[in-house]
Asks: 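First the structure, then my questions, so here it is.
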2 protein chains.
Amino acid sequence: MAVTAAQRRARAKVEYDAFLAVCPSRQLLDRISDKWVTLVLCALGGDGPVQPAEGHGRRVLRYSQLSRQLAGVSQKMLTQTLRTLERDGLVTRTVTPTVPVTVTYELTELGVSLAEAVRTIKAWAESHMDDVLAHRAAHDEEPTA
Amino acid sequence: MAVTAAQRRARAKVEYDAFLAVCPSRQLLDRISDKWVTLVLCALGGDGPVQPAEGHGRRVLRYSQLSRQLAGVSQKMLTQTLRTLERDGLVTRTVTPTVPVTVTYELTELGVSLAEAVRTIKAWAESHMDDVLAHRAAHDEEPTA
DNA sequence: CAGGATCCCGCTAGATACTG
DNA sequence: CAGTATCTAGCGGGATCCTG
């Protein structure tokens with residue numbers, strides 16, 4: 001039987017998986033590839049969308065505050081994201097047994113450093129995003145040329 | 001009718017969308033949040049998974065070479081990613097009408113600068129990923145404590 | 001208030017086949 | 001070789017309900 005295309009695809013996939021699993025960079029890239037992760041990082045880092053007016057580095061936010069800051073996020077994704085970040089030692093979860101339970105989240109040292117790295121990307125965006133948009137507009141206008 | 005929860009959700013979503021659309025940083029974050037985008041950027045930037053041994057900054061790669069380098073990517077995603085990057089002025093697509101058509105991709109200046117930003121993230125990953133993994137392992141072992 | 005469990009929809013991304 | 005077009009499955013992620 002013609003076991004060429006399909007088989008080779010499968011092989012390629014295996015190699016790729018093994019390959020990916022080994023490389024830590026890839027794992028991290030995959031992690032920050034999560035939209036909400038970067039946003040939570042930003043929010044907790046202080047350079048969220050909403051002007052914090054408090055400076056940044058590290059902020060203590062409650063679950064509901066994060067929920068508000070990130071606006072469109074569903075609690076499912078927020079919780080899921082926070083748990084992942086907590087698991088990875090990027091944020092700390094603090095439960096204060098007040099009358100209605102209060103839970104706060106804060107970046108760890110590790111989280112702060114990652115947030116800074118993300119900030120680098122944001123900085124690039126702020127500097128070059130208009131170029132990107134210009135290119136995009138130009139490209140869209142080109143009909144056939 | 002109880003038009004509270006649902007309605008407010010909808011409103012929140014609109015605000016969030018408008019909000020997001022305005023912020024260029026978000027658009028960029030969304031873009032690099034694309035797994036393949038970052039990988040293509042790395043491959044074209046020279047710090048791909050496979051040791052290029054050529055240094056980096058800018059590399060000229062053919063479609064098939066990229067396909068091989070990124071291993072697990074489907075041609076659909078690769079093409080889609082490349083077209084997006086081209087549209088955004090991050091890569092250039094060059095068609096050389098040889099016998100079997102030859103198409104090469106290369107980073108633009110803009111692309112190079114973004115690739116450098118991405119490299120920052122990769123650098124962070126290489127420095128701290130083991131910490132992350134350690135935290136993760138520790139967290140996973142905790143049963144009830 | 002914080003979040004777990006569940007259902008379910010939509011869109012993404014993969015596989016397949018075809019073209020220039 | 002370098003794509004395009006189509007079909008489909010899988011799961012990411014939203015909404016809703018419920019708990020402590």
Side-chain angles (χ1 to χ4, degrees), chain A residues 1-14 16-17 20 30-31 33-37 39-40 60-87 91-106, chain B residues 1-14 16-17 20 30-31 33-37 39-40 60-87 91-106:
Chain A
M1 310 77 169
V3 280
T4 28
Q7 294 275 357
R8 301 188 74 173
R9 283 276 177 192
R11 292 254 315 203
K13 197 159 195 174
V14 173
Y16 136 82
D17 280 339
L20 236 50
D30 266 23
R31 185 113 294 160
S33 275
D34 188 322
K35 177 178 165 187
W36 299 118
V37 166
L39 295 185
V40 168
V60 179
L61 293 179
R62 300 177 55 177
Y63 182 88
S64 52
Q65 290 180 307
L66 278 169
S67 187
R68 238 163 278 131
Q69 177 117 61
L70 300 186
V73 74
S74 60
Q75 50 23 339
K76 178 183 177 181
M77 288 320 295
L78 181 54
T79 301
Q80 186 175 297
T81 302
L82 287 170
R83 300 236 310 175
T84 304
L85 291 175
E86 186 196 1
R87 178 169 175 248
V91 306
T92 55
R93 178 173 178 272
T94 310
V95 180
T96 310
T98 46
V99 184
V101 171
T102 303
V103 181
T104 58
Y105 292 90
E106 185 177 8
Chain B
M1 318 68 179
V3 279
T4 27
Q7 293 274 357
R8 301 188 74 172
R9 283 276 176 193
R11 291 254 314 201
K13 198 158 195 174
V14 173
Y16 136 81
D17 280 339
L20 235 50
D30 265 23
R31 186 114 296 159
S33 275
D34 187 322
K35 176 177 163 187
W36 299 118
V37 166
L39 295 183
V40 167
V60 180
L61 293 179
R62 300 176 55 175
Y63 182 88
S64 52
Q65 291 180 306
L66 279 169
S67 188
R68 239 162 280 133
Q69 178 116 62
L70 300 185
V73 73
S74 59
Q75 76 326 30
K76 178 184 177 181
M77 288 319 294
L78 181 54
T79 301
Q80 186 175 298
T81 302
L82 287 169
R83 301 235 308 177
T84 304
L85 291 175
E86 186 194 1
R87 179 170 174 248
V91 306
T92 55
R93 177 174 179 271
T94 309
V95 180
T96 310
T98 46
V99 184
V101 171
T102 304
V103 181
T104 58
Y105 292 90
E106 186 177 6

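Quick note on labels: first sequence line is chain A, next is B, and so on, each numbered from 1. Below, each value reflects all heavy atoms present in this structure, side chains not excepted, and no hydrogens, waters or symmetry copies.
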Asks: DNA chain D: A/Lys35 or B/Arg83, which has the more 5' nearest nucleotide?
Replies: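 Residue closer to the 5' terminus by nearest nucleotide: B/Arg83.
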Asks: Please report, rounded to the nearest Å, how far the C1' atom of C/dA15 is from the CG atom of B/Leu78.
Replies: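 Between C1' of C/dA15 and CG of B/Leu78: 16 Å.
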Asks: Quick one: CD on B/Gln80 to CE on B/Met77, what's the gap to the nearest 0.5 Å?
Replies: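 B/Gln80 CD to B/Met77 CE: 4.0 Å, rounded to 0.5 Å.
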Asks: Give a yes/no on whether any side-chain N or O of B/Thr98 is located under 4.0 angstrom from OP1 or OP2 of D/dC1.
Replies: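 So the side-chain polar atoms of B/Thr98 never come under 4.0 Å of the phosphate oxygens OP1 or OP2 of D/dC1.
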Asks: Please state whether the phosphate of C/dC1, meaning OP1 or OP2, lies under 4.0 angstrom from any side-chain nitrogen or oxygen of A/Arg62.
Replies: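 Answer no for this pair, as no side-chain N or O of A/Arg62 is under 4.0 Å from OP1 or OP2.
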Asks: Do B/Tyr63 side-chain atoms and B/Leu78 backbone N/O form a donor-acceptor pair below 3.5 Å?
Replies: no
Asks: What is the distance, rounded to the nearest whole Å, between atom CG of A/Leu82 and atom C1' of C/dC1?
Replies: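 It is 14 Å, rounded to the nearest whole Å.
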Asks: If only side-chain N and O atoms of B/Arg93 are considered, is one of them under 4.0 Å from the OP1 or OP2 phosphate oxygen of D/dA2?
Replies: no
Asks: Rounded at 0.5 Å granularity, tell me how far OG1 in B/Thr92 sits from CG in B/Leu82.
Replies: 10.5 Å
Asks: According to a strict under-4.0 Å criterion, is B/Ser64 in side-chain N/O contact with OP1 or OP2 of D/dA2?
Replies: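 The answer is yes; a side-chain N or O of B/Ser64 sits under 4.0 Å from OP1 or OP2.
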Asks: For a 4.5 angstrom cut-off between non-hydrogen side-chain atoms, does A/Thr84 reach A/Val37?
Replies: no
Asks: Could you check how far NZ of A/Lys76 sits from C1' of C/dG10, rounded to whole Å?
Replies: 13 Å
Asks: Would you mind telling me which residue lines up with the more 5' stretch of DNA chain D, A/Val101 or A/Asp34, judged by nearest nucleotide?
Replies: A/Asp34
Asks: Round to a whole Å and report the spacing from CD of B/Gln75 to C1' of C/dC18.
Replies: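 It is 12 Å, rounded to the nearest whole Å.
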Asks: Measure the spacing between CZ of B/Arg62 and CZ of B/Arg68 and express it to the nearest 0.5 Å.
Replies: 8.0 Å
Asks: Check the distance between D/dG12's C1' and A/Met77's CE and give it to me in whole angstrom.
Replies: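 Taking atom C1' of D/dG12 as the reference, CE of A/Met77 is at 7 Å.
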Asks: Would you mind reading off the distance between A/Tyr105 atom OH and C/dC1 atom C1', rounded to a whole angstrom?
Replies: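 Rounding to the nearest Å, OH of A/Tyr105 and C1' of C/dC1 are 11 Å apart.
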Asks: Using whole Å, what does the distance between atom P of nucleotide C/dA2 and atom CG of A/Leu66 come to?
Replies: 9 Å
Asks: For D/dG14, does either OP1 or OP2 sit under 4.0 Å from a side-chain N or O belonging to A/Ser74?
Replies: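 Indeed, a polar side-chain atom of A/Ser74 lies that close.
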Asks: So does B/Gln80 reach the base of D/dT4 with its side chain, donor to acceptor, closer than 3.5 Å?
Replies: no
Asks: Could you tell me how far apart A/Trp36 (CH2) and D/dG14 (C1') are, to the nearest whole angstrom?
Replies: 11 Å
